[in-house]
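The next block holds one structure in the form of C-alpha cells; read it before the comments.
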Amino acid sequence: MSIEKKISAAVIAAIKELYGQDVPAEQAQLQKTRTGFEGNLTLVVFPFVKMARKKPEDVAQEIGQYLVERCDEVAAFNVVKGFLNLVIAPEAWLRLLEDIDHDDCFGCQKATDDSPLVMIEYSSPNTNKPLHLGHVRNNLLGWSLAQIMEANGNHVVKTNIVNDRGIHICKSMLAWQKWGNNETPESTGKKGDHLIGDYYVAFDKHYREEVALLVAQGMDEEQAKQEAPLMKEAREMLVKWEQGDKDVRSLWEMMNAWVYAGFDETYKALGVSFDKIYYESQTYLEGKRKVEEGLAKGLFFRKEDNSVWADLTDEGLDQKLLLRSDGTSVYMTQDIGTAEMRYEDYPIDKMIYVVGNEQNYHFQVLSLLLDRLGFKWGKDLVHFSYGMVELPNGKMKSREGTVVDADELIATMIADARRVADEAGKNADMTEEERKEIARIVGLGALKYFILKVDARKNMLFNPEESIDFNGNTGPFIQYTHARIRSILRKSEETKNASCLTLHASLEEKETTLIQKLSEFPAVVAQAGKDYSPSGIANYCYELTKEFNQFYHDYSILGEPDPAIRQMRLVLARCVAKVIKQGMALLGIEVPERM
C-alpha cells in the first residue's frame, strides 16, 4: 500500500475517533505540498470543519497530532489555516523505495481474464503514396496509446484499416500504365510505396496541364476539372474495378503489394506493428449489407433518387448519406462495415479511433450510427482526435509531392544523432556497430519524444534540430540520463546486492523529493489511461529526469563515504533508471545502456 493510501486510511480513522463521523475515502485525499511550505503531503481539512464544530486550524491540529501518534508514516506536521502539511518519516520513504525496487512492474497493472478488451485503430494509410510526417504522428500516438492502455490492465488489440480502393488509387494505377514503362521496385531500386507515390504526383502534374489547356480554350475551370481526359479515364478505371475487371484487378493487386512491402519497412523502422489489418476493399461490401439491413429495420430511409440516408436531426445533427443513388458506398458505410467485421472477430468492450481532428464530425456521426445498429460500444466509442503536424514552411500537400516523407525523416534523425555524437566524441570507445545502434535509438527517441510530449489535441510545429538537443525537454536528454545512471551502476559491485533497509537518521531533501517523484508514477500511468494522454507520460519522464540531475549535481553516489547512504543512493539511482525505462517504453522509446 502506498504512503498516501496508508495516511488516508489513518485520516478516516482519526475523523471517526475524534468526531464520531464516517467519511468517504475521496474526502481524505492528499495532495503534494506546495513549493515553499514545509512538508511532503497536504490534507485539506475544510470538509471536516462542520462535523467537528471547530475552527479549521484546530481541526488540522487535532488530526495532525493523531497522525503523528498513530501513523508510522507521519513524522511531523504544521498547520497553515485549513491545510495540514505532513512531513513523512524517512523510514517510510525508504520502505517505499525498497518496494519500488522490488516491483518489476511498478506503475503497471496486469490484465486478468475479466479485463476489458480495447481495440485501437491507427495508421489508416492510402495505398497511393508513402507514409509522411502526419502518418508518423498518428502511428506514434496509436502505438503509445496501446502501451498505456495495456499498462492500465486492459487487453489491447492494435488494428489498421488500409484505404486500398477508390479514385486516388486509380490515379496512380493509370499514371503507371501511361508512363511507367513497366517499372518495378526491383528495377528502380525504389521502395514500392515511393514508386507508387511518384505516379500519384505524375498524374496530378499531367491532370493540371490538361485542365489549364481546357481553361485556355474557354472552358470553365470546374467543368474543365470534370472533362479532363485523365480524370475521365481514372473514373472509368474505378468503375471497372468495382465490376471486377480482371486486368484492372490484377494491376491493382500488383501495385498494392509493392506498397504493402514498403509500408512494412517503415512500420518496422518506427517500431510499430498491428495485431490485425483490415482492408477497405474487403469491408465496404459488408458496410453496404449492414446499411441495407438497417434500412429494412426502418433505421434509415431511401430518397427518390434511390440514395440511402440516416436522419440524425433529432440528435442535433443533419441527414447523412450512406449509399449513393448508384448504390456505391461512402467512407461512413465502409467504417460501418469495418466495425461489423471487427466485432465478429473480437469481443470489443471499447473502440478507440486514432484519427486527425478534421474528422471530428465524422466520428460523432459514426458513434450514433453504430449505436443504432446495435454495437454495444458504439455510443461510447472514442475518437482520439489529434492536431496536424505543421512545418516551418507550411502545410504538406501529397499531390504536389511536398510532404515530409517518413522514411527520409527517420533516416535524417538517425544521421543527425550520429553526427551530434561524433562531434561530441561521446562514442569514441565504441565499435562501429554500437555507434550505429545508438544513433538509431537516439535518433528515433528524439523524433518520438518531440512528437509525443505535445498535447495530442494541439497542432504542432516539428523542428528536427530542436528535437535532437541533448539539453532541455527532449528524448536524448532523458536517454542520456538513463545511460549515465547505468554507467554508475556498472561501476559499483555494491548495487547487485544493495538494500535500502539500512536505515539512517535522515534523508536529504532532494533524496526525499526524488523518491516522492518516483512514487507518483503509478498515478501518472493511470491518469494517462483515463485521459488518453501520452504527453502526460512524456512530461513525467522529463520531470523525473530533471529531479535526478539536480540531485546528482549536488550529491555524490559512488564517492559517498558512508556505506549505508551510498547503498541507498545506488538503489535510488537504479529505481530512477527503471522508471525512466518503463515510462519511455510506454511512448515506444528505447533507452540505451550507454551513450
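- In this structure, the side chains of Q364 and N360 stay at 4.5 Å or more apart for every pair of heavy atoms.
- Side-chain contact check for R137 versus F462: every heavy-atom pair is 4.5 Å or farther apart.
- Taking the six-membered ring where the residue is Trp, F470 and Y480 present perpendicular rings, their angle passing 60° and hence far from 30°.
- To the nearest 0.5 Å, the span separating CD1 on I7 from CG on L43 amounts to 9.5 Å.
- No side-chain N or O of S124 forms a donor-acceptor pair with one of N138 less than 3.5 Å apart.
- Judged by distance alone, the side chain of H482 and the main-chain N or O of P592 form a donor-acceptor pair under 3.5 Å.
- Salt bridge status for K6 with E73: present, with a side-chain N to carboxylate O gap under 4.0 Å.
- Here the side chains of V389 and I451 are not in contact, with every heavy-atom distance at 4.5 Å or above.
- Side-chain polar atoms of N139 and S123 form a donor-acceptor pair below 3.5 angstrom.
- Rounding to the nearest 0.5 Å gives a distance of 7.5 Å between CG of N160 and CD of E121.
- S519 contributes a side-chain N or O that, together with a main-chain N or O of Q516, makes up a donor-acceptor pair within less than 3.5 Å.
- R490 places a side-chain N or O within 3.5 Å of a backbone atom of E593 that can act as its donor or acceptor partner.
- The minimum heavy-atom distance linking D72 with A89 is given by the pair O-CB, 3.6 Å.
- Side-chain atoms of L570 and L558, non-hydrogen and from C-beta on, do get closer than 4.5 Å to each other.
- Between F375 and Y343, the distance separating the two ring centers is shorter than 6.0 angstrom.
- Put simply, the side chain of V591 does not reach to within 4.5 Å of the side chain of R486, judged on heavy atoms.
- Not one N or O on the side chain of Y532 forms a donor-acceptor pair closer than 3.5 Å with the backbone of L145.
- Under a 3.5 Å cut-off, the side chain of E315 and the backbone N or O of L312 do not form any donor-acceptor pair.
- When all heavy atoms are compared, the tightest approach of A417 to G443 is CB-N, 3.6 Å.
- Between the side chain of N152 and the backbone N or O of I148, at least one donor-acceptor pair lies under 3.5 Å.
- Under the 30°/60° scheme for interplanar angles, the aromatic rings of Y353 and F363 are found to be tilted.
- With values rounded to the nearest 0.5 angstrom, S535 atom OG is found 15.5 Å from Y540 atom OH.
- T33 places no side-chain N or O within 3.5 Å of a backbone atom of N85 that could act as its donor or acceptor partner.
- A salt bridge links E520 and K517; the closest N-O separation between the charged side-chain nitrogens and carboxylate oxygens is under 4.0 Å.
- Note: F274 and Y267 meet the aromatic proximity criterion, with ring centroids under 6.0 Å apart.
- The main-chain N or O of F106 is found under 3.5 Å from a side-chain atom of Q582 such that the two form a donor-acceptor pair.
- With respect to R440 and E437, a salt bridge is recorded, a charged nitrogen being found less than 4.0 Å from a carboxylate O.
- The closest side-chain heavy-atom distance from N473 to N539 is below 4.5 Å.
- With values rounded to the nearest 0.5 angstrom, H155 atom NE2 is found 6.5 Å from D113 atom CG.
- How far CG of L586 is from CD of E150: 10.0 Å, rounded to the nearest 0.5 Å.
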